[in-house]
Amino acid sequence: QVQLAESGGGSVQAGGSLRLSCVASYSIGYMGWFRQAPGKEREGVAAISPGGGATTYTDSVKGRFTISRDNGKKTLYLQMNGLKPEDTATYYCAASTMIRLTLQVEEYKYWGQGTQVTVSS
């Protein structure tokens, strides 16, 4: 059972930046960041391959968010720049046992507790 713990959320004004971190209890393969706003379904934001060489993003964050990982520290990151009010949500990191890069929620088995990101206009 992989334990995941997110940190780095907070409140910022539009245009600001935040860096989310997710520490895993042990290194695991494909990982991703997801978010869920009140009244909305959880959606995939970004995902990364085990070695970090491949990434994918949902269209709404391309060019603003960057996913990365440090396997030596068992830590996943999400650098968020140019934040917008519509980015407000609870952000979750997740780990997959599948062998493919995907943003599909159902393909991720392990989840953190989430960290809140609030962007004001």
Side-chain angles (χ1 to χ4, degrees):
Q1 183 83 7
V2 179
Q3 305 295 324
L4 301 171
E6 304 97 335
S7 62
S11 297
V12 297
Q13 291 191 327
S17 298
L18 284 173
R19 188 194 196 202
L20 305 183
S21 299
C22 171
V23 179
S25 56
Y26 62 87
S27 186
I28 196 167
Y30 290 84
M31 298 188 73
W33 286 99
F34 296 76
R35 65 186 180 187
Q36 187 167 18
K40 294 188 176 181
E41 292 187 353
R42 191 170 297 188
E43 65 167 344
V45 175
I48 190 166
S49 61
T55 58
T56 189
Y57 299 89
T58 192
D59 286 346
S60 62
V61 307
K62 286 180 181 177
R64 299 189 298 124
F65 291 10
T66 302
I67 188 171
S68 62
R69 64 193 297 167
D70 184 333
N71 288 335
K73 295 181 178 179
K74 294 177 289 185
T75 302
L76 179 72
Y77 302 101
L78 185 67
Q79 178 66 45
M80 304 186 294
N81 299 327
L83 282 161
K84 305 175 180 180
E86 51 264 42
D87 294 318
T88 295
T90 300
Y91 283 71
Y92 300 88
C93 73
S96 173
T97 57
M98 306 297 283
I99 308 176
R100 56 173 168 260
L101 196 63
T102 177
L103 294 177
Q104 297 299 312
V105 172
E106 59 270 20
E107 297 202 10
Y108 286 78
K109 182 175 182 179
Y110 304 106
W111 293 84
Q113 293 300 306
T115 185
Q116 178 66 36
V117 172
T118 302
V119 184
S120 58
S121 58

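Every heavy atom of this structure was used, including side-chain atoms; hydrogens, water molecules and symmetry mates were not.
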Kindly work out whether a path of hydrophobic side-chain contacts (I/L/V/M/F/W/Y, heavy atoms less than 4.5 Å apart) joins Tyr26 to Met31. yes
Please determine which of Glu43, Glu41, Glu6, Glu86 meets the salt bridge (charged side-chain N to carboxylate O under 4.0 Å, His left out) test together with Arg35. Glu43
Does Asp87 pair with Lys84 as a salt bridge, N-O distance under 4.0 Å? no
Hey, does the side chain of Asn71 reach the backbone of Pro50 with a donor-acceptor pair shorter than 3.5 angstrom? yes
Could you tell me whether Arg19 sits above the aromatic face of Tyr77, with NZ or CZ closer than 6.0 angstrom to the six-membered ring centre and within 45 degrees of the axis? yes
Less than 6.0 angstrom separating the ring centers of Tyr108 and Tyr92, yes or no? no
Say whether Leu78 and Tyr110 are linked into one hydrophobic cluster, either directly or through other cluster members, by side-chain heavy-atom distances under 4.5 angstrom. yes
Return the OG to CG distance between Ser11 and Leu18, rounded to the nearest 0.5 Å. 8.5 Å
Non-hydrogen atoms of Ala24 and Val2 that approach each other most closely: CB-CG1, 4.4 Å
Atom pair CD1/CD of Ile99 and Glu107 - distance to nearest 0.5 Å: 11.5 Å
CD1-OG distance between Ile67 and Ser49, expressed to the nearest 0.5 angstrom: 9.5 Å
Does one hydrophobic cluster hold both Tyr57 and Val117, with members joined at side-chain heavy-atom distances below 4.5 Å? yes
Answer yes if the ring centres of Trp33 and Phe65 are under 6.0 angstrom apart, and no otherwise. no
Trp111/Leu4 under side chain to side chain contact (heavy atoms under 4.5 Å, CB included): CA gap, chis, key distance, verdict: CA-CA 6 Å; Trp111 293 84; Leu4 301 171; 5.5 Å; no
If I compare all heavy atoms of Gly44 with all of Phe34, which pair ends up nearest, and what's the gap? CA-CD2, 3.3 Å
Nearest-0.5 Å distance, CD of residue Glu106 to OG of residue Ser96: 10.5 Å
Gap separating the OG atom of Ser17 from the CZ atom of Arg64, nearest 0.5 angstrom: 10.5 Å
Measure the CD1-CZ distance between Ile48 and Arg69 for me, rounded to the nearest 0.5 Å. 6.0 Å
Please indicate whether Gln13 has more than 12 foreign heavy atoms, meaning atoms of other residues, nucleotides or ligands, lying under 6.0 Å from its CD. no
Connected via hydrophobic side-chain network under 4.5 Å: Val12 and Tyr91: yes
Give a yes or no answer on whether the side chain of Thr66 reaches the backbone of Gln79 with a donor-acceptor pair at less than 3.5 Å. no
Over all heavy atoms of both residues, which pair between Ala14 and Ser121 is shortest? Give the atoms and the distance, please. CB-CA, 4.3 Å
Any donor-acceptor N/O pair, Thr88 side chain to Val119 backbone, under 3.5 Å: yes
Check for me, please, whether Val45 and Leu103 land in the same ILVMFWY cluster - side-chain distances under 4.5 Å, paths through other members count. no
